[in-house]
Amino acid sequence: MDNKELALTEAVESLQEDMLDFACRLVAQPSVVEHEQGALDVMENEMSAMGLSPVRAAMDAPEVAAHPGFAPTPWSQEGRYSLAATRPADASGGKSAIFNGHLDVVSQEPLDRWERDPYQPVVVDGWLHGRGAGDMKGGVAAMTCAIKAVAKAGLGLAAPVTLEGVIEEECTGNGALACLVAGFDADAALIPEPFGSTILTSQVGVMWFKVSITGVAKHTLDASGGVNAIETCCYLMKALRDLEKRINADKPVDFADVANPAHLNIGVIQGGDWPSTVPAMAEFHCRLGFFPEMSFEQAAQAVRDCLAQAAEADPWLSSNPPRVEFYGFRSEGHRVSRELPALSLVSDCHRELSGREAPSYACTCTTDLRSFIVYGGAQATCFGPVAENIHSPNERVNIESMVYTAKVYALFLARWCGLVQ
Ligand SMILES: [Zn+2]
């Protein structure tokens, strides 16, 4: 590192309190889907306070709905938006960058398993606790800190860098897509998802779907002639588990060390309304992963075929087939080379700051990298803090790892965009 780069990493350290304060203000906002306004306001104010001009990238724009990567939702997209703000270049000659992070979080349930209020951020023994602290408001604060450090060190950049705070990463990917459609793309994009000091080189595709069953209601004094919709769901779940096995039997080499990388999660079930009535209606919602070799359409067809085959073998379902609806995630997977200049630069920055090699990471969930890699032009990867219990009670993020992530991001800016005095 030269003197300017050293000054930049020292600026990150001097901004540690500010970074933590920003992370806490974000964690205090319970930004589950359709309730992201508080977190968006905190992000927008932060961007403005940095002297940037935040743009609200509308998710209900016709060009977003018409985009092949748009995921349909049962909830309305009207008035919804993600945020992007570009720090203009101070000189020319460098390569542009985007730092992207999501502001939405998953539900805090089961709430009674938390040791503390999930939306009252607290620091205990070097960890920030709260829903979203790890996934991924800690990362959002870290990447923001890296950009702030440029001014704090009295330096400038030879290319623009854009800060993005998006929503719906946890359900559709439409937020990051809206920023892309609004014109925000760059030579490189980094996302500080809480996967630690790793370089994400591949991720699975992910889709959501809902299966609805009708049965026949009967009083339980004589249940003959009744068809139990809930038990019929169990039969179809078994068929889908078999499909999951078939998909995983073919796992590509980068996922070879992971058990069941294309995972089926049966995440929601609803049905019936009375213990003494045969339930006439039930539905269950699934998340299924699929490998980059498969398109969303192919994976969706595999689900349709699987359900149709199971239905044919069942006396009731053969004439009353289940209904399947694909909503939310329909994200394609991807695979990129570690040799891409942006990815190898992140590696170099990490090696120089820590003396260690960052392992490659084949991710078994989706991230907003999808927008950049499948639909945009950026070389993109995830590199971020260390977190525990994401999507679970007692989520927390390691503060030292947030500072470290900010340093790597700052050094990346210095070398990718180029520093100017
Ligand atoms: Zn995340």
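The neighbour count for Glu400 CD, taken as heavy atoms of other residues, nucleotides or ligands under 6.0 Å away, does not exceed 12. Residue Arg351 qualifies as enclosed at atom CZ: its count of foreign heavy atoms under 6.0 Å is above 12. When the shell of 6.0 Å around NZ of Lys152 is examined, it contains 12 or fewer heavy atoms from other residues, nucleotides or ligands. By the neighbour-count criterion of 12 heavy atoms within 6.0 Å, atom CD of Gln37 is densely surrounded, having more than that number from other residues, nucleotides or ligands. Surrounding CZ of Arg323 are at most 12 heavy atoms belonging to other residues, nucleotides or ligands under 6.0 Å away.
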Take Thr364 and His263 through the side-chain contact (heavy atoms from CB on, under 4.5 Å) test and state the conclusion after the steps. CA-CA 8 Å; Thr364 52; His263 182 65; over 6 Å; no
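Within the structure, side chain to side chain donor-acceptor pair (under 3.5 Å) pairs that include any residue of residues 308-319 do not occur (at least two apart or interchain). The salt bridge (charged side-chain N to carboxylate O under 4.0 Å, His left out) pairs that include a residue from residues 249-272 are Asp254-Arg335, where partners are two or more places apart or lie in different chains. Contacts classified as side chain to side chain donor-acceptor pair (under 3.5 Å) and involving residues 374-384 (residues at least two apart or in different chains) are not found.
By the 6.0 Å and 45° rule, Lys148 stacks over the aromatic ring of Phe22.
In this structure, the side chain of Ser31 engages the main chain of Leu103 through a donor-acceptor pair within 3.5 Å. Judged by distance alone, the side chain of Thr9 and the main-chain N or O of Lys407 form no donor-acceptor pair under 3.5 Å.
The aromatic rings of Tyr404 and Phe383 lie tilted to each other, with the angle between the two planes from 30° to 60°.
In this model, no donor atom of one side chain and acceptor atom of the other lie less than 3.5 Å apart for Glu244 and Asn248.
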